[in-house]
Amino acid sequence: MGEQKQVQAVWNEERRTLTLEGEPVLSYTLCWPRVEGAGLGGRWISRYYDHLAKSWRRRWEREVYWAACLELAGRRESARPFSPWQGSLTGETVLLRDGTLSLRFQGSELRGDGRTARVRWGDVWNIREGAPKPLRSLFSGEKGWKSRLWQALLRQGEARRQAGDCFLDGDWTEKARKARPLRDWCLTEEGVEVSLPQCSAAPAAEGCPTFSLSAPLAGDAREENPPRTGAG
């Protein structure tokens with residue numbers, strides 16, 4: 001029998017600068033993972049991220065590029081300087097153990113107004129099935145697990161707000177509930193990590209406020225691979 005391959009997430013990186021009449025208009029960095037040594041499930045996961053990368057690439061090379069070109073033309077007419085727009089999607093492998101793969105992604109766009117739009121989310125996969133891992137699977141039928149996580153998020157956020165560590169809005173708890181941060185979670189060695197969307201419950205300068213919530217990890221085996229940081 002052949003030697004069994006080790007499961008790993010290998011990160012692709014693509015960098016490109018788009019121009020108009022030779023002048024840089026938009027540059028972007030795009031990173032996405034490929035799961036190797038995991039059979040059909042790994043191929044399904046890899047296919048998903050190939051489509052994700054294609055979607056981000058198409059956005060930057062079409063609508064965002066066209067908008068940047070319009071701004072460049074307008075600034076030329078008024079003899080004002082133009083700064084190329086920038087886009088970025090980076091990611092990293094946070095956890096790979098017991099058939100679970102946890103990834104963290106961060107995206108950003110800097111346009112001509114000088115403000116940066118940010119997004120942050122996590123994906124957790126059952127590698128064998130090639131399917132997302134539901135958050136409830138960490139709690140093995142425990143009652144009230146979602147309420148416990150939510151209360152932990154509220155306590156952590158309020159403590160950070162009062163300490164000045166994170167400038168959350170005064171009514172941030174209600175806004176955070178509407179944002180439903182438990183949907184796009186990430187599994188780390190410390191537990192569940194969730195983020196609030198930019199501007200949903202805090203000023204834009206805060207980016208995507210992130211919270212680490214204690215939760216059990218499935219199994220106690222050692223990692224199949226140490227966490228590997230993707231490009232970016």
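- Nearest approach of Q198 to A204, heavy atoms of both residues: NE2-O, 2.9 Å.
- Not a single donor-acceptor pair under 3.5 Å links the side chain of T17 to the backbone N or O of S27.
- For D113 and R115, the salt-bridge test passes: some basic side-chain N is under 4.0 Å from an acidic carboxylate O.
- Geometrically, R160 engages F211 in a cation-pi contact, judged by NZ or CZ lying under 6.0 Å from the ring centre and within 45° of the ring axis.
- For R128, the CZ atom counts as loosely surrounded, since its 6.0 Å shell holds 12 or fewer non-hydrogen atoms of other residues, nucleotides or ligands.
- Heavy atoms from other residues, nucleotides or ligands lying under 6.0 Å from CD of E129 number 12 at most.
- With respect to the salt-bridge test (charged N to carboxylate O, under 4.0 angstrom), the residues R148 and E142 qualify.
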Begin with the C-alpha distance, continue with both residues' side-chain angles, and end with the deciding distance and a verdict on side chain to side chain contact (heavy atoms under 4.5 Å, CB included) for W145 and R136. CA-CA 8 Å; W145 62 268; R136 65 177 179 273; 3.3 Å; yes

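- Cation-pi check for R57 over W32 is met; the charged atom lies under 6.0 angstrom from the ring centroid and within 45 degrees of its normal.
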task: Step by step, work out the side chain to side chain contact (heavy atoms under 4.5 Å, CB included) result for W60 and L30.
output: CA-CA 10 Å; W60 284 327; L30 178 59; 4.1 Å; yes

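- Atom CG of L95 is separated from atom CD of E190 by 9.5 Å, given to the nearest 0.5 angstrom.
- The side chain to side chain contact (heavy atoms under 4.5 Å, CB included) test applied to E193 returns R104, R120, C186, T188, T210, not counting sequence neighbours.
- The nearest pair of heavy atoms linking S195 to P181 is O-CB, 3.6 Å.
- Here the closest non-hydrogen pair linking L72 and E23 is CD1-OE2, 3.5 Å.
- Listed by first then second residue, pairs satisfying salt bridge (Lys or Arg N to Asp or Glu O under 4.0 Å) with a partner in residues 25-38 read R34-E36, not counting sequence neighbours.
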| message | Between F82 and E71, is the side chain to side chain contact (heavy atoms under 4.5 Å, CB included) condition met? List the steps. | response | CA-CA 8 Å; F82 171 79; E71 183 184 88; 3.2 Å; yes

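- With rounding to the nearest 0.5 Å, the separation of OG1 in T93 from CG in L103 is 5.5 Å.
- Residue I127 forms a side chain to side chain contact (heavy atoms under 4.5 Å, CB included) with just one option from T100, L96, D98, and that option is L96.
- The shortest non-hydrogen separation linking A9 to L101 is CB-CD1, 4.4 Å.
- Taking each heavy atom of V64 and R111 in turn, the nearest pair found is CG2-NH2, 3.6 Å.
- Hydrophobic cluster membership differs between L154 and F167, with clusters built from Ile, Leu, Val, Met, Phe, Trp and Tyr side chains linked at under 4.5 angstrom.
- Looking at I45 and D123, their side chains never come closer than 4.5 Å, going by heavy atoms from C-beta outward.
- Counting non-hydrogen atoms of other residues, nucleotides and ligands closer than 6.0 Å to CZ of R75 gives a total above 12.
- L110 and V119 end up in different hydrophobic clusters when Ile, Leu, Val, Met, Phe, Trp and Tyr side chains are linked at under 4.5 Å.
- Expressed to the nearest 0.5 Å, how far CD of E189 lies from OG of S212 amounts to 11.0 Å.
- Using a 4.5 Å heavy-atom threshold, the side chains of Y28 and E109 count as separate.
- Side chain of S137 to main chain of P134: a donor-acceptor pair is present (N/O by atom type, distance under 3.5 Å, no hydrogens or angles).
- With values rounded to the nearest 0.5 angstrom, L149 atom CG is found 9.5 Å from K146 atom NZ.
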Set out, in order, the CA-CA distance, both residues' side-chain angles and the distance that settles side chain to side chain contact (heavy atoms under 4.5 Å, CB included) for V25 and W66, then state yes or no. CA-CA 9 Å; V25 173; W66 296 335; over 6 Å; no

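- Under the 4.5 Å side-chain contact rule for hydrophobic residues, W44 and V35 do not share a cluster.
- Each of Q86, R15, R16, E14 was evaluated against T29; a single residue qualifies, R15, per the side chain to side chain donor-acceptor pair (under 3.5 Å) test.
- The heavy-atom pair separating Y65 from T19 by the smallest distance is OH-O, 2.8 Å.
- Put simply, the residue from V124, L153, L135 that forms a side chain to side chain contact (heavy atoms under 4.5 Å, CB included) with V192 is L135.
- Listed by first then second residue, pairs satisfying ring pair (Phe, Tyr, Trp, His ring centres under 6.0 Å) with a partner in residues 102-138 read W11-F105, Y48-W125, Y49-F105, Y49-W125, F105-W121, not counting sequence neighbours.
- Note: C31 SG to Q106 CD = 11.5 Å, rounded to the nearest 0.5 Å.
- With rounding to the nearest 0.5 Å, the separation of CD in E61 from CH2 in W56 is 14.0 Å.
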